[in-house]
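Residue numbers start at 1 and run along the sequence shown.
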Amino acid sequence: MAKKKRIIVLAVAAILLLTLIIWIAWGNKALELNSYTVTSDELPDSFNGFRIAQVSDLHNAEMGKDNEKLISILKDATPDIIVITGDMIDSRNTKVDVALYFAEQAIKIAPCYYVTGNHEARVDEYGDLKDGLLELGVIVLEDARVEIELSGEIITLIGVDDPSFQTDYLFGDDETVMKSKLDELTSEDDGYTILLSHRPELFDIYVGSGVDLVFSGHAHGGQFRIPFVGGVVAPNQGVFPKYDAGIFTEGNTNMVVSKGVGNSIIPFRVNNRPEVILIELTTQGE
């Protein structure tokens, strides 16, 4: 009788373990679209309803054959622009062709703007990636700003290279590097300003620079998410990161942190579906 009970217990445990493995495997491929509205009285009227799709931390992941699931979600989102916030490639598994094929399809949907992540800073192939993106028509923002115009009104889009291009990834003074970049790229006379920057942990620097909206990634949603708690661990933030996923607000600055699409040194995520983010901008009172 005792032996029969042990067999039943082991069978139940095996079923539960198999179910968990299947659920985790599904969750790592179950790409979703998460939509938010961001409201500001600084936004020009012409940009009311302007839609921005964000793809972050691709890490050479492929959602379906040739990333067809990712492209399908972007098409259905009907964005006015697409922003790509770093780590398109993975330094441990660098496949420039995968990144460029995704970009080739994405730019058919909407104009694409790209900034680097820390993984681009680690590989010699970044030059090939950059050249390929430029050839496709992707706007590569390396510590640069551009204006987007609608009906004679403009918003400013700023993109910064990851600080690890200039300093040590683990021990460098990223805050000083980022502040110096934004001091050069922003001014008090700027109107509505959007910043693309891979690193969410530098939120205080972004707030101090006076930008209105930040798109970031890097945290991978905290990798393992606990219900009602959030992410467990994130690079450059450590355990229980403050800026893991979603929208964070301080003063007049909103920061969108994407959970990203792919994985890197930790090859799987738990309770943390990969995502594309869609932001709709609205004027105050809408």
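Not a single donor-acceptor pair under 3.5 Å links the side chain of N272 to the backbone N or O of F224. In terms of modelled atom types and a separation under 3.5 Å, the side chain of Q54 and the main chain of S216 share a donor-acceptor contact. When atom types are taken as modelled, the side chain of R273 and the backbone of W26 share no donor-acceptor pair closer than 3.5 angstrom. Between the side chain of N60 and the main chain of D90, a donor-acceptor pair closer than 3.5 Å is present. At least one donor-acceptor pair closer than 3.5 Å links the side chain of E275 to the backbone N or O of K259. The closest donor-acceptor contact from the side chain of N67 to the backbone of L70 lies at 3.5 Å or more, if one exists at all. Counting only distance, with no hydrogens or angles, the side chain of K29 and the backbone of E62 share a donor-acceptor pair below 3.5 Å. With hydrogens and angles ignored, the 3.5 Å screen pairs a side-chain donor or acceptor of T186 with a backbone N or O of L182. Of the possible polar contacts, one joining the D190 side chain to the S187 backbone as a donor-acceptor pair under 3.5 Å is found. A donor-acceptor contact shorter than 3.5 Å links the side chain of E153 to the backbone of S46.
Y101 and V55 are not part of a single hydrophobic cluster, where members link through side-chain heavy atoms under 4.5 Å apart. The hydrophobic clustering, which links ILVMFWY residues whose side-chain heavy atoms are closer than 4.5 Å, places L213 and I81 together. A single hydrophobic cluster is not seen to contain both V83 and L74; linkage of ILVMFWY side chains at heavy-atom distances under 4.5 Å, directly or through other members, places them apart. Hydrophobic clustering of Ile, Leu, Val, Met, Phe, Trp and Tyr side chains at less than 4.5 Å, counting indirect connections, unites I84 with V123. Grouping the Ile, Leu, Val, Met, Phe, Trp and Tyr side chains by contacts below 4.5 angstrom, directly or via other members, places V214 apart from L141.
Counting heavy atoms from C-beta on, the side chains of P111 and I139 never come closer than 4.5 Å. Between T94 and D124 the shortest side-chain heavy-atom distance does not fall below 4.5 Å. Side-chain contact between F215 and L157 is absent, with no heavy atoms from C-beta onward closer than 4.5 Å. When side chains are defined from C-beta on, N252 does not count as touching E42, because their heavy atoms never get closer than 4.5 Å. At a threshold of 4.5 Å between non-hydrogen side-chain atoms, the residues Y113 and I194 do not count as touching. With a 4.5 Å cut-off on side-chain heavy atoms, P44 and I155 count as touching. Side-chain atoms of H218 and D162, non-hydrogen and from C-beta on, never get closer than 4.5 Å to each other. Within the 4.5 Å cutoff, side-chain heavy atoms of M88 are placed close to those of L133.
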* Take I226 and V232 through the test side-chain contact (heavy atoms from CB on, under 4.5 Å) and record every step on the way to the result. => CA-CA 7 Å; I226 300 173; V232 173; 3.8 Å; yes
* Begin from the C-alpha positions of L33 and D76 and carry the test side-chain contact (heavy atoms from CB on, under 4.5 Å) through to its verdict. => CA-CA 10 Å; L33 177 72; D76 291 344; over 6 Å; no
* Could you go step by step and tell me if R92 and R122 meet the side-chain contact (heavy atoms from CB on, under 4.5 Å) rule? -> CA-CA 9 Å; R92 299 171 183 84; R122 296 176 182 173; 3.6 Å; yes
* Dump the intermediate steps for side-chain contact (heavy atoms from CB on, under 4.5 Å) on V261 and H59, then the final yes or no. => CA-CA 8 Å; V261 177; H59 286 286; over 6 Å; no
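Between D45 and T283, the closest heavy-atom pair is OD1-CG2, 3.8 Å. Heavy atoms only, all atoms of each residue included: Y169 and P235 are closest at OH-CB, 3.4 Å. In terms of heavy-atom proximity, I158 sits nearest to L185 at CD1-O, 3.5 Å. What you find for A219 and D244 is that their closest heavy atoms are CB-O, 3.8 Å. M63 and P274 get closest at one heavy-atom pair: CE-CG, 3.8 Å. Closest of all the heavy-atom pairs between R269 and G260 is NH1-O, 3.7 Å.
Salt bridge status for D161 with K181: absent, with no side-chain N to carboxylate O gap under 4.0 Å.
Within the model, atoms CD of E184 and NZ of K179 stand 10.5 Å from one another, a figure rounded to the nearest 0.5 Å. Of the inter-residue distances, the one linking D57 atom CG with D87 atom CG reads 5.0 Å to the nearest 0.5 angstrom. Rounded to the nearest 0.5 angstrom, D80 CG and F47 CZ are separated by 9.0 Å. Atoms CD1 and CZ, from I107 and F102 in turn, are 10.5 Å apart once rounded to the nearest 0.5 Å. Rounding to the nearest 0.5 Å gives a distance of 13.0 Å between NE2 of H119 and CD of E125. Rounding to the nearest 0.5 angstrom, the gap separating the CD1 atom in I15 from the CG atom in L20 is 13.5 Å.
Ring centers of Y126 and F165: under 6.0 Å apart, within the cut-off.
Within a 6.0 Å radius of CD1 in I265, other residues, nucleotides and ligands contribute 12 heavy atoms or fewer. Within a 6.0 Å sphere centred on CD of E135, other residues, nucleotides and ligands contribute 12 heavy atoms or fewer.
A side-chain N or O of T39 and one of T282 form a donor-acceptor pair less than 3.5 Å apart.
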